[in-house]
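Have a look at the structure below before the remarks.
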Amino acid sequence: MAGTESVQVDDSRRTTIRNRSAFAAGWKKIKKSKYLLLLFLPCLVYFILFKYMPMFGIVISFKNYNLYKGIWGSDWVGLKYYKMFFANPDFFVLLRNTFLLGLYKLIFGFPAPIVLALMLNEVKHAFFKRFVQTASYLPHFISNVVIASMVVMFLSPSGGLVNRLLGAFGTEPINFLVLPELFRSIYVASEIWQHIGWETIIYLAALTSIDSMLYEAAEMDGAGRFKKLLHVTLPGIAPAIVILFVLNVGKVLEIGFEKVFLLYTPATYETADILSTYVYRIGLLQGNFSYAAAIDLFTGVVSLIFICSANYLSRKLSETSLW
């Protein structure tokens with residue numbers, strides 16, 4: 001019995017010593033990286049204040065939120081607003097519009113910066129390469145309000161650049177922004193134009209990490225430009241492509257509110273009205289905060305399912321994943 005107690009005491013001491021050693025090692029690493037952690041501090045504060053703390057507000061989606069009673073004083077209604085949303089005749093229309101807009105953006109918008117990066121990587125003229133990079137980056141720094149205004153001006157039926165070009169070929173002016181069947185094409189095209197240059201930076205950075213000796217070895221084996229692209233360049237940037245693809249899959253339902261709101265009209269609601277614009281009308285214009293919070297939480301849960309599924313498939317099919 002005394003021997004058992006002695007063993008237990010020794011185990012307890014060893015555990016304490018290990019914990020102290022781990023704490024000391026961790027504290028040493030923190031002290032060593034204190035300046036890097038200090039640089040990270042504003043980012044951490046931002047996410048705590050604007051990402052994590054507002055998550056407590058999702059409780060209003062389960063309550064009949066009253067502005068005067070407050071969150072905790074409002075009556076609990078459970079899944080009432082979720083059932084209301086699923087029973088809404090517009091539910092499938094909103095989900096379809098949001099999903100298709102995100103899917104088209106993923107299909108056409110995701111490969112665009114990869115193609116541009118590969119093309120720029122083949123350009124040998126330094127001045128032309130820098131000019132193209134700068135010109136393609138600039139739209140990213142323009143606000144969505146200005147971009148939407150430019151799109152409206154370009155597509156205007158009275159004097160718009162696109163209609164002037166069509167008029168030169170004898171085509172009658174077209175009011176693009178009131179045609180529901182064209183809204184998705186207009187939105188995706190504007191997104192590609194606005195962000196293609198900025199997203200290319202990641203792939204250009206990945207291209208610089210490819211060992212030049214691999215190209216030399218491929219050239220010695222008789223590989224041409226296309227085969228070097230296929231067997232050296234693409235495998236070299238594959239991890240970056242996979243990671244960004246997984247992140248973009250998680251954003252399929254998180255279509256930006258601003259540009260859609262600025263470009264759509266009542267005439268294009270059947271294809272342009274998405275979850276975020278519906279939440280705006282229900283929550284801010286009609287003051288039904290609980291219903292709007294329920295829709296927003298539903299969108300977040302579906303996005304989480306998408307990104308987890310994409311990461312699982314990526315981990316199964318390749319060696320690259322987010323976690």
Side-chain angles (χ1 to χ4, degrees), residues 47 50-52 54-55 57-62 79 81-113 144 147-148 180-181 183-192 194-196 198-199 241-264 268-286 288-315 321-323:
F47 274 91
F50 298 105
K51 299 296 181 181
Y52 290 104
M55 289 176 67
I58 65 175
V59 72
I60 70 172
S61 66
F62 303 99
L79 300 176
Y81 292 106
Y82 294 93
K83 295 176 181 177
M84 185 187 300
F85 180 52
F86 297 146
N88 191 328
D90 294 329
F91 169 71
F92 288 106
V93 176
L94 294 168
L95 191 62
R96 181 200 64 193
N97 291 345
T98 308
F99 178 75
L100 288 178
L101 208 57
L103 182 65
Y104 291 159
K105 184 181 173 184
L106 181 67
I107 293 173
F108 298 105
F110 178 73
N144 283 324
I147 292 291
E181 64 273 17
F183 180 83
R184 293 177 185 136
S185 301
I186 294 170
Y187 176 84
V188 172
S190 67
E191 280 288 293
I192 294 173
Q194 184 178 3
H195 300 296
I196 185 173
W198 180 256
E199 294 173 358
I241 293 175
V242 171
I243 293 297
L244 290 174
F245 180 76
V246 171
L247 291 172
N248 276 274
V249 168
K251 296 178 182 177
V252 166
L253 290 185
E254 295 181 5
I255 301 297
F257 162 78
E258 289 182 355
K259 190 180 290 183
V260 175
F261 178 74
L262 293 167
L263 290 177
Y264 81 159
T268 58
Y269 273 4
E270 61 180 280
T271 58
D273 198 17
I274 59 175
L275 290 170
S276 58
T277 55
Y278 185 72
V279 165
Y280 166 76
R281 293 201 305 274
I282 293 296
L284 293 182
L285 298 186
Q286 299 181 19
N288 197 340
F289 300 109
S290 296
Y291 190 25
I295 300 171
D296 226 19
L297 182 57
F298 165 77
T299 306
V301 170
V302 175
S303 297
L304 178 63
I305 293 171
F306 277 4
I307 195 170
C308 289
S309 301
N311 189 73
Y312 174 79
L313 291 174
S314 173
R315 192 169 62 247
S321 62
L322 283 174
W323 63 85

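- Using modelled atom types, one side-chain atom of Asn248 and one backbone atom of Leu244 make a donor-acceptor pair closer than 3.5 Å.
- Residues Leu262 and Ala148 come closest through the heavy atom pair CB-CB, 3.7 Å.
- Atom OH of Tyr312 has 12 or fewer neighbouring heavy atoms from other residues, nucleotides or ligands inside a 6.0 Å radius.
- Taking each heavy atom of Ala112 and Ile192 in turn, the nearest pair found is CB-CG2, 3.9 Å.
- Counting heavy atoms from C-beta outward, Phe183 and Asp273 have side chains that stay 4.5 Å or more apart.
- Screening Tyr280, Phe85, Phe257, Phe99 for a side-chain contact (heavy atoms from CB on, under 4.5 Å) with Leu275, the sole residue that qualifies is Phe85.
- The backbone N or O of Ile60 lies less than 3.5 Å from a partner atom in the side chain of Ser290, making a donor-acceptor pair.
- Across every non-hydrogen atom of Leu95 and Phe298, the tightest pair is CD1-CE2, 4.1 Å.
- Here the side chains of Leu94 and Ile274 are not in contact, with every heavy-atom distance at 4.5 Å or above.
- Listed for the Ser309 side chain is a donor-acceptor partner under 3.5 Å among the backbone atoms of Ile305.
- Between atom CG of residue Leu103 and atom CG of residue Leu253 there is a gap of 10.5 Å, rounded to the nearest 0.5 Å.
- Of all non-hydrogen atoms in Pro111 and Leu106, the two that sit nearest each other are CD-O, 3.7 Å.
- Going from atom CD1 of Ile186 over to atom NZ of Lys259 covers 12.0 Å, rounded to the nearest 0.5 Å.
- Within the 3.5 Å criterion, the main-chain N or O of Ala310 finds no donor-acceptor partner in the side chain of Ser314.
- Here the straight-line distance linking atom CG of Asp90 with atom CG of Asn97 works out to 10.0 Å at 0.5 Å rounding.
- Checking Tyr291 against Asn88 by side-chain atom types alone, a donor-acceptor pair falls below 3.5 Å.
- Rounded to the nearest 0.5 angstrom, Ile295 CD1 and Phe86 CZ are separated by 10.0 Å.
- When every heavy atom of Glu199 is checked against every heavy atom of Pro113, the shortest pair comes out as OE1-CG, 3.5 Å.
- Using a 4.5 Å heavy-atom threshold, the side chains of Arg184 and Thr271 count as touching.
- Here NE2 of His195 is found 8.0 Å from CD1 of Ile147. Values are rounded to the nearest 0.5 Å.
- Tyr82 and Ser61 share a donor-acceptor pair across their side chains, judged by distance under 3.5 Å alone.
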Which is it for Phe62 and Tyr81 under the ring pair (Phe, Tyr, Trp, His ring centres under 6.0 Å) test, yes or no, and what are the steps along the way?
CA-CA 7 Å; Phe62 303 99; Tyr81 292 106; 9.8 Å; no
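- Evaluation of the side-chain hydrogen bond (donor to acceptor under 3.5 Å, both in side chains) test over residues 249-258, restricted to residues two or more places apart or in two chains, returns Asn144-Glu258.
- Within the cation-pi definition used here (under 6.0 Å to the ring centroid, within 45° of the axis), Arg281 qualifies as a partner of Tyr269.
- With a 4.5 Å cut-off on side-chain heavy atoms, Leu247 and Ile307 count as touching.
- Interatomic distance, Asn311 CG to Phe306 CZ, rounded to the nearest 0.5 Å: 15.0 Å.
- For the side-chain hydrogen bond (donor to acceptor under 3.5 Å, both in side chains) condition, no pair includes a residue of residues 299-308, sequence neighbours left out.
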